[in-house]
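Heads up: the structure comes next, in structure tokens.
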Amino acid sequence: MEEGRFLQWGVFRSLLAILQWWGFNVTVIIVNKWIFQKLDFKFPLSVSCVHFICSSIGAYLVIKVLKLKPLIAVDPEDRWKRIFPMSFVFCINIVLGNVSLRYIPVSFMQTIKSFTPATTVFLQWLVWRKYFDRRIWASLVPIVGGILLTSVTELSFNMFGFCAALFGCLATSTKTILAESLLHGYKFDSINTVYYMAPFATMILAVPALLLEGNGVMDWFHAHPAPWAALIIIFSSGVLAFCLNFSIFYVIHSTTAVTFNVAGNLKVAVAVLISWLIFRNPISGLNAVGCGITLLGCTFYGYVRHMLSQQTPGTPRTPRTPRKKMELLPLVNNEKLDDKV
């Protein structure tokens with residue numbers, strides 16, 4: 001009886017975690033698109049900077065004030081040598097995502113973001129010379145085919161927005177790959193990641209945002225009929241962006257890898273549907289088919305990766321092949337690591 005109740009609670013907890021993750025993720029995307037399209041605040045660098053500021057404050061409150069998560073200490077030297085490069089790529093990733101939202105519909109942007117598994121595998125194979133099972137390569141075929149079909153049939157196609165979303169995939173893949181070597185020895189969760197990277201990202205982006213968009217923001221503020229109400233919405237999107245990072249931590253610890261993968265692809269479908277209901281961007285039948293093929297391909301890719309990870313130790317795997325001796329060394333020794341975590 002108690003085991004049955006525990007199992008039911010586990011299922012309910014996983015479902016609750018997935019729903020709140022979906023809610024924050026879809027809301028952040030919709031609010032950002034609303035800011036660019038309805039509020040006519042066409043300044044993606046400034047929006048990204050607001051997100052980084054809110055995330056920095058939120059992570060500080062969670063770790064230092066509320067103490068909901070323990071701080072993973074990092075040596076000052078490592079912050080500049082390893083955290084800062086990661087923060088730079090992290091900053092580029094967020095900015096490109098917001099730039100793409102500025103020019104293309106949410107449905108198209110989310111479909112292109114699903115191209116990330118393919119870019120990750122390709123970069124690891126091309127640059128890091130990592131071996132991949134042929135089943136991994138086969139699972140990428142529907143992803144690439146779906147993206148091509150979606151792009152060709154997109155009725156609101158914009159080359160600049162398309163390129164921003166595509167390079168955003170490359171930035172996401174680069175961040176994931178670099179994390180394997182640069183963050184080796186540190187077991188970061190999403191909150192500690194934001195705690196260290198968001199302040200660096202703010203510092204990196206603040207000056208370009210001020211120089212490139214400062215005058216435009218001031219002109220928008222004076223011309224907008226309700227600027228203060230609009231600013232509340234803009235800063236609310238920053239708070240939601242931080243809540244999204246917290247929800248990712250919760251859902252990872254409440255679900256299995258397979259469930260997380262499937263839920264992530266269903267989340268894209270939910271975001272596409274809700275964005276269409278709100279913004280009514282035109283979607284052709286072939287465009288919807290391409291989006292569906294892409295999401296199924298991502299699900300199949302996640303399933304193949306999971307099956308390969310469950311192989312017995314004697315079975316050939318897809319090991320990461322470090323190219324430099326530095327990548328073979330731990331970031332800190334075991335005694336320091338025990339004191340830091």
Side-chain angles (χ1 to χ4, degrees), residues 11-39 41 44 47-63 66 68-69 90-91 93-98 100-102 105-107 109-114 116 165 168 172 175-176 188-195 197-198 201-202 231-257 259-279 295 298 302:
V11 173
F12 177 76
R13 183 167 178 252
S14 299
L15 182 61
L16 183 64
I18 291 172
L19 289 176
Q20 55 90 29
W21 176 44
W22 281 6
F24 282 122
N25 190 281
V26 174
T27 303
V28 167
I29 295 171
I30 298 301
V31 170
N32 285 351
K33 186 63 176 179
W34 186 277
I35 290 171
F36 294 132
Q37 186 168 320
K38 301 296 183 180
L39 298 183
F41 190 83
V47 171
S48 302
C49 201
V50 168
H51 286 188
F52 292 141
I53 292 172
C54 293
S55 295
S56 301
I57 296 173
Y60 180 85
L61 292 175
V62 168
I63 293 177
L66 301 177
L68 298 177
K69 283 293 299 177
F90 171 69
C91 177
N93 178 34
I94 298 299
V95 169
L96 288 175
N98 284 328
S100 64
L101 269 181
R102 161 77 172 78
V106 173
S107 56
M109 177 263 194
Q110 285 289 290
T111 305
I112 297 174
K113 288 284 288 183
S114 300
T116 301
T172 302
K175 179 170 67 72
T176 302
F188 278 137
D189 53 61
S190 58
I191 303 302
N192 274 276
T193 300
V194 172
Y195 179 85
M197 292 188 184
T202 304
L231 286 177
I232 291 176
I233 296 176
I234 294 171
F235 277 92
S236 296
S237 72
V239 175
L240 290 170
F242 168 73
C243 292
L244 173 60
N245 285 286
F246 199 82
S247 69
I248 292 174
F249 162 77
Y250 183 46
V251 76
I252 287 176
H253 284 73
S254 301
T255 61
T256 64
T259 303
F260 183 75
N261 172 59
V262 175
N265 293 314
L266 289 176
K267 169 185 63 66
V268 175
V270 172
V272 170
L273 177 61
I274 294 178
S275 68
W276 179 80
L277 292 174
I278 294 176
F279 300 105
L295 297 182
C298 290

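Values reported hereafter were calculated over all heavy atoms of this structure, with side chains retained and with hydrogens, waters and symmetry mates removed.
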For Ser48, which residues count as a side chain to side chain donor-acceptor pair (under 3.5 Å) partner, sequence neighbours excluded?
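With neighbours one apart ignored, the set is Asn98.
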Taking only residues two or more places apart in sequence or in another chain, which ones pass side chain to side chain donor-acceptor pair (under 3.5 Å) with Ser55?
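Listed in chain order: nothing, the list is empty.
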The test is side-chain contact (heavy atoms from CB on, under 4.5 Å); show your working for Ser100 and Ile112 and say whether it passes.
CA-CA 10 Å; Ser100 64; Ile112 297 174; over 6 Å; no
Rounded to the nearest 0.5 Å, how far apart are [atom1] of [X] and [atom2] of [Y]?
X: Lys175; Y: Ile94; atom1: NZ; atom2: CD1; value: 7.5 Å
X: Asn32; Y: His51; atom1: CG; atom2: NE2; value: 4.0 Å
X: Met197; Y: Thr202; atom1: CE; atom2: OG1; value: 13.0 Å
X: Asn93; Y: Thr172; atom1: CG; atom2: OG1; value: 3.5 Å
X: Ile53; Y: Phe235; atom1: CD1; atom2: CZ; value: 6.5 Å
X: Leu15; Y: Gln20; atom1: CG; atom2: CD; value: 11.0 Å

Heavy-atom side-chain contact between [X] and [Y] under 4.5 Å:
X: Phe41; Y: Ile233; result: no
X: Phe279; Y: Pro105; result: no
X: Ser275; Y: Ile30; result: yes
X: Ser114; Y: Leu295; result: yes
X: Leu231; Y: Ile234; result: yes

Locate the shortest heavy-atom distance separating Phe24 from Ser247; write the atom from each residue and the value.
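Looks like CD1-CB, 3.8 Å.
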Taking all non-hydrogen atoms of both residues, which atom of Val31 and which atom of Leu240 are closest, and how far apart?
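Nearest pair, atom of Val31 first, then Leu240: CG2-CD1, 4.2 Å.
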Donor-acceptor pair, distance only, cut-off 3.5 Å: does the side chain of Gln110 make one with the backbone of Ser107?
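It does not hold such a pair.
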Tell me if a side-chain donor or acceptor on Lys33 pairs with a main-chain N or O of Leu101 at a distance below 3.5 Å.
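At least one qualifying donor-acceptor pair exists.
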Identify, with sequence neighbours excluded, every residue that meets ring pair (Phe, Tyr, Trp, His ring centres under 6.0 Å) alongside Phe90.
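Ring pair (Phe, Tyr, Trp, His ring centres under 6.0 Å) list for Phe90, sorted by chain: Phe52.
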For side-chain contact (heavy atoms from CB on, under 4.5 Å), just list the numbers for Ile57 and Phe242, CA-CA rounded to whole Å, side-chain angles, deciding distance to a tenth of an Å, and then say yes or no.
CA-CA 9 Å; Ile57 296 173; Phe242 168 73; over 6 Å; no
